[in-house]
Amino acid sequence: MSEVRLSCFDLSRHYERGPQTVRALDGVSLELREGEFLALVGSSGSGKSTLLNLVAGLDRPSKGDVEVKGRSLSDLNQRDLANYRARHTGMIFQSFNLIGHYSALENVALALAFTGTPHTQRAEQARAQLSELGLSDRVDHRPADLSGGEQQRVAIARALVTDPDLLFADEPTGNLDQDNSQQIVELLAGLCGKGRSVLMTTHDLELAGRYAHRILRLNYGRIEDERELPQNRRES
Amino acid sequence: MSFRDLMRMALGSLHRQKLRSSLTISGVVIAIGAFVAMLSFGAGNQRMIADQFDDLGLFTTMLVFPSATGDSLQLDEAAVDRLSEINGVRLAYPYDHFDVEVSWGDTTVSVGAQALPTAALQTKYYTNLKAGRLSDEGSGTILVTEELLDHLQVEDADSFIGQNIVVAVKSASFDSAVARLFSDPDGNLQDRFASMEMDSLWEDGYLEGILRQELNAGTKRFLDGYLNAQALTEESFEICGVIQGGGSRRNRILPVILPIETARRFDAAGPSADPMELVPRIMQGEIFSRSPLSGKSYSQVTLDLHQYASHRAVSDSVESMGFEAFSFASQFEEIRRVMLFFNMGLGLVGLVALVTAALGIANTMVMSILERRREIGILRSLGAQPRDIRSLFLVESGAIGALGSLGGILLGWLVARAASMVAKIIMRNQDVQEMELFATPLWLIGFAMAVGILVAVLAGSYPARRAARVDPVEALRQE
């Protein structure tokens, strides 16, 4: 059995909306192991993105805790939390979230600015990462000049360039066509084999069922169903 | 994030928003330009005063006076010697002045003269030479100021060099005074004696009245002999140099400057014929026995100090000797203090413009944050701390301040130069000596740069705090 990389205990996130309390996430507990590809599925508003923001350290839970390699994120101050995001996590978004006025190379190299990588090495590493994802002829292109699939691959390159343990993908195929969606999920699944763990949210149950090792279904902020897919696991 | 990263991102952002950035920077340029031009005027005036002080050697000059309180010590030759021995004093010389008559051709004028040792003529205060050279001790030459040339209606100082003038001193004659006292110039002593009523001689008040009348008449005859039957001592000198005259009330340069040995020859001729000088002489008991030169007292002694001498230490030493000290350097400090308030007033006007520019910067930064919320979210997701985001916007506003300050300093300098040229043209037309009223010293450039950046950073601090508080989750959700 591989090592637990990330654990959530009774994780809740509530928002006050006037007199009402919105329970975006309500008592979720889960584990993500090394090399595991975990898919979170559920309808819009089920709490998938909220869960992802909490485990990525972008948001603080109302209740419960997230532990990464046995260390609680609640104990981390702003600096340590930023360091955790910079060095241990990579985030991929549905809308790619690339900086429009930067080239593909600059977007990828930007992630290295927060890891203390020397300026001289940043471009080299970013270029290597883009080449690995088949974008060596797109390094100087701006996001507007790239297709959706290419933009998402640039975003994946940015997430991977710091060599993180954890990859969080929030609906990475939401803005892509079927072919590109498959390529991206296949790519993410392939990354798990290199010792990384991937937590992906998606609407596409079929695609998740094809590549994920495990699927969790969220509904109204709670885990409604969990399904193991041993046929998708490979020996790493 | 390193400062280099912050600078690169900040400048990149300014570059992308060219129009908005250039309008905001223009506001800073105008404000700093006004600030620099205003302070250049203040700095120019201060420099002008400092230069005048320096030209006259006033920074190394101290005046010593007898103490105004109680029975003060005399500023005599012995005191001058003791003053010259104070640590930091290069030279001590008395302000020894008297009236002379100067004759040149058919013209004779009465002017003031002062005696100076040759060493004093080497000090900055007396080296503002307009023509010729400084005189040498006992060489039969004399130094005069432009004021004497005015009196003699000589326009060209150079043409006056080498000319001979006759300097005459009228001195009171004690002999003639005594002779007048005992002589009977009116010739009616006999008549007055004959008219005395011997019978009334012992009557109350009669004899007292006669004695009072005789005493009054005797005093009148003595003074008449002392003041009016004056001895005239005169010598001919060759004009060797003309210096700028004038000076302050306390340190006035008189029209004729005599070597001290020459002055002593005049002094030896007798006491001054000036009634104002007679009274203190009588009070000091000098009227019947003229004291030797060493006993002569002065109203003022000038100390020429070493360049790096402590004015405070010298002043303390002078005061411990029982005299009063007046330092021009201290006076300049007072002027500087006044100039500081003047400069602050001028700077305040420039600051008003800077406040307006600061509002422009704040507005630009707030707009920038609204437009870049998603970018802030991305940076936070990549590992930026709130303080990185704050620094990014502070550096951006600081860059606006720095670029604006650079332009503003250039603009302010150009305005100051233009104003200076106009002022000089006006002075020339008004037949006033041209003066440089504006100066842009290095400290002003540095100060303006610092103020520009500081004001911009302050203006950007609120937007920067706002940017640091942006919720990354909300920001990333924004389309």
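Here is the naming used below: chain letters follow the sequence lines, and residue numbers restart at 1 for every chain. Since this is a predicted model, take the numbers as computed values, not measurements.
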Mind listing the closest non-hydrogen atom pair of A:Arg85 and B:Ala384 along with its distance? NH2-O, 3.3 Å
Can you tell if the side chain of B:Leu379 reaches within under 4.5 Å of the side chain of A:Phe114, non-hydrogen atoms only? yes
Any side-chain heavy-atom pair from B:Leu476 and A:Met91 closer than 4.5 angstrom? no
Region of A:Arg87 that comes under 4.5 Å of a non-hydrogen atom in chain B: neither
Side chain / backbone / both / neither for A:Leu98 at chain B, heavy atoms under 4.5 Å: backbone
Under 4.5 Å, heavy atom to heavy atom: which of [range] reach chain B? Give them by number, or say none.
range	value
residues 52-80 of chain A	A:Asn53, A:Leu58, A:Asp59, A:Gln78, A:Arg79
residues 13-22 of chain A	none
residues 102-112 of chain A	A:Tyr102, A:Glu106, A:Leu110, A:Ala111

What part of B:Arg16 gets within 4.5 angstrom of chain A, counting heavy atoms only: side chain, backbone, both, or neither? side chain
Can you tell me which of B:Gly383, B:Gly377, B:Pro472 forms the most heavy-atom pairs within a distance under 4.5 Å of chain A? B:Gly383
So which residue, B:Gly12, B:Ser381, B:Pro386, B:Ser2, ends up with the most heavy-atom pairs under 4.5 Å with chain A? B:Ser381
A:Arg122/B:Asp5 under side chain to side chain contact (heavy atoms under 4.5 Å, CB included): CA gap, chis, key distance, verdict: CA-CA 12 Å; A:Arg122 288 184 199 168; B:Asp5 290 322; 2.7 Å; yes
My understanding is that only residues two or more places apart in sequence, or in another chain, count here; which of them pass side chain to side chain donor-acceptor pair (under 3.5 Å) with B:Arg337? B:Glu334
Taking atom [atom1] of [X] as the centre, report whether more than 12 heavy atoms of other residues, nucleotides or ligands fall under 6.0 Å from it.
X	atom1	result
B:Arg8	CZ	no
B:Glu436	CD	yes
A:Arg217	CZ	no

Test salt bridge (charged side-chain N to carboxylate O under 4.0 Å, His left out) on B:Arg477 and A:Asp170 and set out the steps. CA-CA 11 Å; B:Arg477 205 176 286 157; A:Asp170 191 7; over 6 Å; no
Can you check side chain to side chain contact (heavy atoms under 4.5 Å, CB included) on A:His101 and B:His15, steps first, answer last? CA-CA 11 Å; A:His101 45 261; B:His15 180 69; over 6 Å; no
